[in-house]
Amino acid sequence: MNEASKSRRQLLQAGSAAGAMALLGLPAIVKAQSDKIRIGHLTPLTGFLGPLGEYGTMGIKLAVDEVNKAGGITGRQVELISEDSVNPATAASKAQRMFERDGVMCLLGEINSASGLAISQVALRNKKIFINTGGNSDELRGKSCNKFMFHVECANSMYVNTLGRALLQQGMVKGKSWYFLTADYAFGHDLTRVASRFLAAQGGKIVGEDKVPTDATDYSAYMLKIRQAKPDIVISNLAGTQITSFMKQYSEYGLPFPIAGFGFDTALAWGAGADNFLGTWPVPWHHDVDSPTSKAFVAEFVKRHGKPPENQAWGDYTVMKIMAQAMNELKSTDSMKVIENFEKGAQFDIMKGRPGYFRSWDHQLMQQMYTLTPKKKGAARDKWDFLQLGATVPNANESLEIIAPTREENPCNIT
Amino acid sequence: MQFIFFLEQVLNGLMIGGYYLLIALGLSLIFSLGGIVNLAHGAFYALGAYGAVVLTQYVGFGGALVLSPVLVGLLGIAFERFLLRRFYQSDPILGLLLTFGLAMIAEQIIRMIWGSSPLAYSIPSALKGQIVLGDFIYSRYRLVMLLVVIGAMICLWFLLNKTAFGRVVRAGTQRPDMVAVLGIRLNHYMTGAVVLGVSLAALAGVLLAPLAGVHPAMGAEIMTAAFVVVVIGGMGSFWGVVLAAVLVGVVRGITTFFYPPASEASMYVLMILVLLLRPRGLLGERIERFE
């Protein structure tokens, strides 16, 4: 047998294999694809919110695996398409591409309020649901609200009212002077506006406010200004890695004023370390929250990643679970039906003491929140355990809506 | 009273200038000698900081302060030998693309190894605390940091001005062809300059790790400021870079005092003004190759 015939035989083999693939394999693949439900996930993985987006992505991947293991959505497996949203412009074009090319049922995720707004407009045009899991700005639920956008993440007002309650108990509001450090973009401006309204209503005053660029790494100049202003309390309305640098340098300068912050994510405190963590901070969820589903989630997350989940992991995990539950109960993936179900006040286990529900007229998830303070020295079990979880706000006897913006405060009116 | 606070911000600005200096000096050195704009410089700064976090567990902060820049310097040898060296003679845009790509790869590698979240790192307990002088307050750690910066600056000045190595490097900056005619191979000196440059960036990374968040994008955050310092100071000028670093620090300090939202923008305004008045930078030398 010469070389030519050998290679001809190989060619024939390869050709028939390819033919078989075309006959059998390809239709199978196409069928498998059409059988899957695609869900889009956009969140910043780079930049100053990148650390949070990474936790969000870990959370939603875990949720998708659990949903698929339990039989998927209406009997079909879920395929997650998850990407870095980068910035508002990129987020919008990626959202459009996911709807058009990938045919996703809905979009979940985001942390940056400005990108969230961009995605919500694309979702509205496509008449598909977008659920925001990390953008806090009130404006997103207010002036910019729309029929197709929902919010698992708490609004700035809810953060302010939760921490505000703790500060009122500490006697840090009435007649006291506050110094604000504000992240210089949509989220920070919105937060300072809401916090100032709270402060004015409760009889306190502002002695200073600095808008801090998001890429600032050095806070020494601000420390000097704060020291000069001598406030009763320093309030951080910063975001992302800003909070880490601020905590480190506030502890470096050892200023005597107590601190608190209206915006917070646990990963940023972990990044500052136990030595540098001070003050009182609000969170939507923490891995010490005592509920059976929360414990199961934490155990599974630790098994996968060797570290406890952060509150952003909670947000993106919870949103996937909510979506799966709603679509399975309705036996439909139709956007309008899901919206109707949410607006009717369907209840969901969101891994806290009480179930949560979306408020019909602004689509905000009504839920409990918590505050965090430093644990006593030596009480930490591991390097993630220096934060002391406080009581739930609202408490068990109160309506969940008391921390959310009222009809007077929120111009949104969807229904 | 107002004047005291103003003065305080000016002095604080001088200190902020210190850490731009370490990064900008290395950047300027590599550019002057090789003609390469090293966009990957921030990556070496970030690696220095991550090195500090990892090494401190074993050798303490003092050990990490020495060891991390040395290890990053070793990485610099490979960087120069296998990558930069191919681009000295080529179109500058190629070197730019190479180092830009490397910066992105390095950031992503850091993200894959250590994750996106900032790593916890604190000021060593011996250096914690403040020194209060009347209206003025200084962090003890920053004063120590300033001493290290000044020390590094003096060493570098001696190396460049008082040693045979420095004479060849300076001659090579101006007339590489003449140096070659004299029978000196510039390649080895170039390796030395790159190692020095990236080690300085790593040193800055170690020094800043206790103050700012140690996260993958930290290199990108500091890079633009470092470039602005080099451009304002002028290429190839040691004292130009020093002067520019201090100036940028002070201008930022003053802007933060009066109008914080413009603090990041202030250095660019400064750069525009300097470039309009002195296109080669404050003390920039005329380097024939680049004219």
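Per chain, numbering begins at 1; letters A, B, ... match sequence-line order. These values consider heavy atoms only, across backbone and side chains, with no hydrogens, waters or symmetry-generated copies.
- Residue A:S245 touches chain B through both its backbone and its side chain, counting heavy-atom pairs closer than 4.5 Å.
- More than 12 heavy atoms of other residues, nucleotides or ligands lie within 6.0 Å of OH in B:Y268, so this atom counts as buried by the packing criterion.
- At a 4.5 Å heavy-atom cutoff, the contact between B:L211 and chain A is made by backbone and side-chain atoms alike.
- Residue A:S220 touches chain B through both its backbone and its side chain, counting heavy-atom pairs closer than 4.5 Å.
- Side-chain N/O atoms of B:Y121 and B:T56 include a donor and acceptor closer than 3.5 Å.
- Of the listed residues B:G115, B:G253, B:G13, the one with more heavy-atom pairs under 4.5 angstrom with chain A than any other is B:G115.
- Counting heavy-atom pairs closer than 4.5 Å to chain A, the top residue among B:Y141, B:F257, B:Y259 is B:F257.
- For B:F136, the part sitting under 4.5 Å from any heavy atom of chain A is the backbone (N, CA, C, O) and nothing else.
- In summary, A:K377 and A:D275 do not engage in a salt bridge, as defined by a charged side-chain N under 4.0 Å from a carboxylate O.
- In this structure, the portion of A:Y55 lying under 4.5 Å from any heavy atom of chain B is its side chain and not its backbone.
- Chosen from A:K383, A:K211, A:E252, the residue pairing most often with chain B at heavy-atom distances under 4.5 Å is A:E252.
- Both the backbone and the side chain of B:R142 come within contact range of chain A, each with at least one heavy atom under 4.5 Å from a heavy atom of that chain.
- For a residue to count as touching a neighbouring chain, one of its non-hydrogen atoms must lie under 4.5 Å from one of that chain's; by this rule B:V132 touches chain A with the side chain only.
- Using bins of under 30°, 30° to 60° and over 60° for the plane-to-plane angle, the ring pair A:F262/A:W178 lands in the tilted bin.
- Only the side chain of A:D184 comes within less than 4.5 Å of a heavy atom of chain B; its backbone N, CA, C and O stay farther away.
- Between the side chains of A:Y179 and A:D210, a donor-acceptor pair is found at a separation under 3.5 Å.
- Heavy atoms closer than 4.5 Å to chain B are found in the backbone of A:A272, but not in its side chain.
- Each of A:L268, A:T217, A:L224, A:T241 has some count of heavy-atom pairs under 4.5 Å with chain B, and the biggest count is that of A:L224.
- By the side chain to side chain contact (heavy atoms under 4.5 Å, CB included) test, A:A89 is found to be paired with A:N87, residues two or more places apart in sequence or in another chain being considered.
- Using a 4.5 Å cut-off between heavy atoms, B:I123 contacts chain A through its side chain alone, with no backbone atom that close.
- Residue contact with chain B, scored on non-hydrogen atoms closer than 4.5 Å, involves the backbone of A:L45 exclusively.
- For residues 197-218 of chain B, no residue pair satisfies the salt bridge (charged side-chain N to carboxylate O under 4.0 Å, His left out) rule, not counting sequence neighbours.
- A salt bridge does not link A:D382 to A:K307: none of the charged side-chain nitrogens sits closer than 4.0 Å to a carboxylate oxygen.
- When each of A:Q249, A:M247, A:Q242 is scored by its heavy-atom pairs under 4.5 Å with chain B, the top score falls to A:Q249.
- Inspection of the B:E8 and B:N12 side chains reveals no N or O donor paired with an N or O acceptor under 3.5 Å.
- Proximity to chain A is limited to the backbone of B:P210, based on heavy atoms less than 4.5 angstrom apart.
- Using a 4.5 Å cut-off between heavy atoms, A:S251 touches chain B through its backbone atoms (N, CA, C, O) alone.
- Inspection of the A:E110 and A:T43 side chains reveals no N or O donor paired with an N or O acceptor under 3.5 Å.
- With a 4.5 angstrom heavy-atom cutoff, B:E264 touches chain A via backbone and side-chain atoms both.
- Counting heavy-atom pairs closer than 4.5 Å to chain A, the top-ranked of the candidates B:G213, B:P216, B:S125 is B:G213.
- Between the side chain of A:K205 and the backbone N or O of A:S177, no donor-acceptor pair lies under 3.5 Å.
- Side-chain contact check for B:R252 and B:S266: no donor-acceptor pair (N or O, by modelled atom type) lies under 3.5 Å.
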